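One structure below.
For clarity, every value in this text was computed on a predicted model and none was experimentally measured. Throughout, protein chains are lettered first and strands after them, A, B, ... in sequence-line order, and every chain is numbered starting at 1.
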Amino acid sequence: MKIYNSPYRQIEEFIPLRPPLVTVYTCGPTVYDKAHIGHWFNYVRMDMLIRTLIINGFEPKWVMNITDVGHLVSDADEGEDKLEKGARREGKSAWDIASKYTADFLEGMQQMNITTPSLIVKATEHINDQIDLIKLLENKGYTYVIDDGVYFDTSKFPEYGDFAQLDLDEQKTGARVSFNPQKRQPQDFALWKFSPKDRRRDMEWDSPWGKGFPGWHIECSAMSMKYLGETLDMHTGGIDHIAVHHTNEIAQSEAATGKRFANYWMHSNHVLIDGQKISKSLNNSITLADIEKRGYSADVLRLHILESHYRSQSRFSFESLNAAQNRLNDYRSMAALRYQARKVTNDAGTFALEDVPKELAGILANDLDTPSALAFLSQVSTQLQTVHIEEDMLDHFVKMLQGIDNALGLRLMEVKDITDEQKDLIHQRESARAAKNWQLSDEIRGHLQRQGIALKDAQHGPIWSLL
RNA sequence: GGCGCUGUGGCGGAAUGGUUACGCAGAGGUCUGCAAAACCUUUUAUGCCGGUUCAAUUCCGGUCGGCGCCUCCA
């Protein structure tokens with residue numbers, strides 16, 4: 001299997017430390033607001049990594065975190081905690097906000113058919129692990145304390161910035177962000193933030209340095225290493241995390257252990273709406289609920305996501321969502337053939353059904369090439385819908401559908417059979433046609449169409465499919 | 001200002017130093033009782049200018065445009 005390794009900017013052969021085990025850590029959401037399609041692009045692509053590993057014989061252990069404390073409004077460790085801000089907005093406590101949007105996120109994961117991670121871990125349930133890690137860094141001399149928190153001294157970690165190929169001096173030139181003047185370097189980041197003197201936070205804990213809460217970055221290092229070991233096979237996240245969050249994770253993790261933090265890094269690019277990325281400030285987010293309101297299912301969104309490569313900036317529009325809907329209908333029509341196997345005597349049937357999942361696994365193993373996987377699937381679908389499925393092919397056919405679902409998560413196995421009543425109508429229409437009663441025949445066809453069932457009169461008889 | 005990515009047909013979106021995926025949409029045709037599906041054809045696709053090469057959309061340089069990061073943000 002090959003994968004693009006972000007820091008090296010090249011496609012590399014993927015070699016885990018202890019095959020078939022693959023340790024994967026994914027930066028999950030900060031649960032202070034509803035997830036939007038940008039999140040789903042990201043997590044579907046992470047899901048494709050996990051699926052691709054599995055169908056290529058690996059056994060991933062996948063840990064994803066939920067950031068339910070400590071992510072400030074600014075990555076520069078300034079401003080409010082997002083959770084506290086969300087709480088104020090909704091007149092609830094930060095704890096309520098976290099649990100509300102955690103539930104919202106997990107429900108979306110199910111709807112999008114994203115593989116359930118081996119472990120979903122919350123920052124607030126690992127405060128002691130984070131404090132321990134900060135203590136370790138303090139003992140090794142990487143930290144200093146100023147009036148608003150404990151900071152990591154990036155000058156003690158000379159490789160800081162290598163990962164993102166940052167030119168720290170040049171970055172400073174145009175930076176528009178103000179920072180605490182007590183910080184030794186602008187890029188130094190908070191490991192622990194103190195609670196404000198004048199008020200009580202919803203979320204705060206005691207620590208050796210004073211009451212407060214962990215910085216945003218430390219949770220990922222503490223939790224990933226706790227559950228997956230000091231060196232991860234794969235660390236993933238959104239492309240926006242490269243410069244700050246992942247750079248900081250590497251600094252604090254490698255400073256603490258003296259070992260390489262992760263061997264491979266996968267970053268999902270952003271999706272654009274009307275040529276711009278989704279962000280709070282542009283107020284242009286679209287949620288899964290918005291999409292469903294327009295009549296599209298999560299499966300359609302998922303297919304649309306797979307149509308572009310994870311490393312390219314993709315574009316979202318309802319027009320392309322509609323294209324994905326039609327494409328999904330075609331795949332579902334193919335899946336419906338499992339209920340319509342019949343004996344045929346023609347020469348069709350040379351298609352190697354059992355090779356389809358293998359072929360998909362191979363395509364995806366090339367840097368998660370989902371566009372090519374779908375191109376291949378469309379060819380399969382077209383071919384299968386022009387031959388008839390023979391009864392003795394049925395086992396292979398169903399296995400093939402299962403294989404496609406394992407690879408792509410499109411839920412083709414969930415396509416239901418039509419009712420006996422509907423089947424009876426199809427028979428009635430055949431009788432009418434035999435009697436050249438075209439009016440009745442067309443009435444029945446129209447009737448079924450209104451129920452979402454399309455009929456095609458193939459050589460060997462009618463085939464139904466889903467609209 | 002610094003760094004990075006990018007510019008493919010009506011739309012989305014791959015790939016490639018020489019024969020131009022795939023999906024959606026449009027047009028014509030074959031087939032069909034009529035449709036649908038399928039198949040065939042079709043709608044002058046690789047921003048612009050140079051360079052390298054027998055050959056560039058693909059490599060290099062320049063130029064114009066778009067986007068991202070350096071604030072929020074997957």
- When W438(A) and N42(A) are each assigned the nearest nucleotide of RNA chain B, the 5'-most assignment goes to W438(A)

- Taking atom types as modelled, find out whether Q185(A) and D188(A) have a side-chain donor-acceptor pair closer than 3.5 angstrom. yes

- Message: Between E219(A) and K122(A) (salt bridge meaning N to carboxylate O under 4.0 Å), is one present in this structure?
- Response: no

- Heavy atoms under 4.0 Å is the rule here; annotate nucleotides 11-16 of chain B 5' to 3' with B where the base is hit, S where only the sugar-phosphate is, and - elsewhere. S-SS--

Might you list the N or O atoms of the protein lying below 3.5 Å from N or O atoms in nucleotides 35-37 of chain B, with each pair's distance?
unit_1, atom_1, unit_2, atom_2, d
rA35(B), N6, D457(A), N, 3.4
rA35(B), N6, D457(A), OD2, 3.4
rA35(B), N1, D457(A), N, 3.3
rA35(B), N1, D457(A), OD2, 3.2
rA35(B), N3, R445(A), NH1, 2.9

- Note on the structure: Atom NE2 of H241(A) and atom P of rG68(B) are separated, to the nearest Å, by 16 Å

- Item | Distance in angstrom units between I278(A) CD1 and rG68(B) P, rounded | 11 Å

- Message: Whether N326(A) contacts rG23(B) is assessed here as follows: a side-chain N or O lying under 4.0 Å from the phosphate OP1 or OP2. Is that the case?
- Response: no

- Note on the structure: Of the candidates rC22(B), rA74(B), rC69(B), the side chain of A375(A) sits closest to rC22(B)

- Who pairs with L466(A) by side chain to side chain contact (heavy atoms under 4.5 Å, CB included), at least two apart in sequence or on another chain? R332(A), V415(A), W464(A)

- Message: Please verify the inter-ring angle class for Y43(A) with W40(A); under 30° counts as parallel, over 60° as perpendicular, anything in between as tilted.
- Response: perpendicular

- With pairs taken as Watson-Crick or G-U wobble and both distances under 3.5 angstrom, which stems of at least three consecutive pairs involve RNA chain B? B:1-7 with B:64-70, B:10-12 with B:22-24, B:26-30 with B:38-42, B:47-51 with B:59-63

- Task: Using whole Å, report how far CD1 of I239(A) lies from C1' of rC67(B).
- Result: 11 Å

- Roughly how many Å is it from CD1 in I363(A) to P in rC22(B), rounded to a whole number? 13 Å

- Item | Separation of rC69(B) C1' from H267(A) NE2 (nearest whole Å) | 12 Å

- Message: Mind checking if S465(A) touches a base, just sugar-phosphate, or nothing, with heavy atoms under 4.0 Å?
- Response: nothing

- Query: In terms of the angle between their ring planes, are H217(A) and F189(A) parallel, tilted or perpendicular, with boundaries placed at 30° and 60°?
  - Reply: perpendicular

- Can you say whether the rings of H126(A) and Y227(A) are parallel (under 30°), tilted (30 to 60°) or perpendicular (over 60°)? perpendicular

- All side chain to side chain contact (heavy atoms under 4.5 Å, CB included) counterparts of S314(A), not counting sequence neighbours: F41(A), R45(A), S308(A)

- Message: Categorize F105(A) for me: base, sugar-phosphate, or nothing, with a 4.0 angstrom heavy-atom threshold over every strand shown.
- Response: nothing

- Message: By nearest atom, which of the nucleotides rC69(B), rA74(B), rC34(B) is closest to the D442(A) side chain?
- Response: rC34(B)

- F316(A) and H304(A): aromatic ring centres closer than 6.0 Å? yes

- Task: Tell me which of S441(A) and M46(A) sits closer to the 5' end of RNA chain B, going by the nucleotide each one is nearest to.
- Result: S441(A)

- Task: In whole angstrom, give the distance that lies between atom CH2 of W216(A) and atom C1' of rA74(B).
- Result: 10 Å

- Task: Find the distance between CG (L272(A)) and CD (Q313(A)) and round it off to the nearest 0.5 Å.
- Result: 4.5 Å

- Between D330(A) and S333(A), is a side chain to side chain donor-acceptor pair (under 3.5 Å) present by the stated rule, with each step listed? CA-CA 5 Å; D330(A) 177 62; S333(A) 295; 5.6 Å; no

- Look at atom CD of E421(A) and say whether more than 12 heavy atoms of other residues, nucleotides or ligands are closer to it than 6.0 Å. no

Side-chain polar contacts of residues 437-445 of chain A - donor-acceptor pairs under 3.5 angstrom, sequence neighbours left out - could you list them?
unit_1, atom_1, unit_2, atom_2, d
N437(A), OD1, L440(A), N, 3.2
D442(A), OD1, R445(A), NH2, 3.4

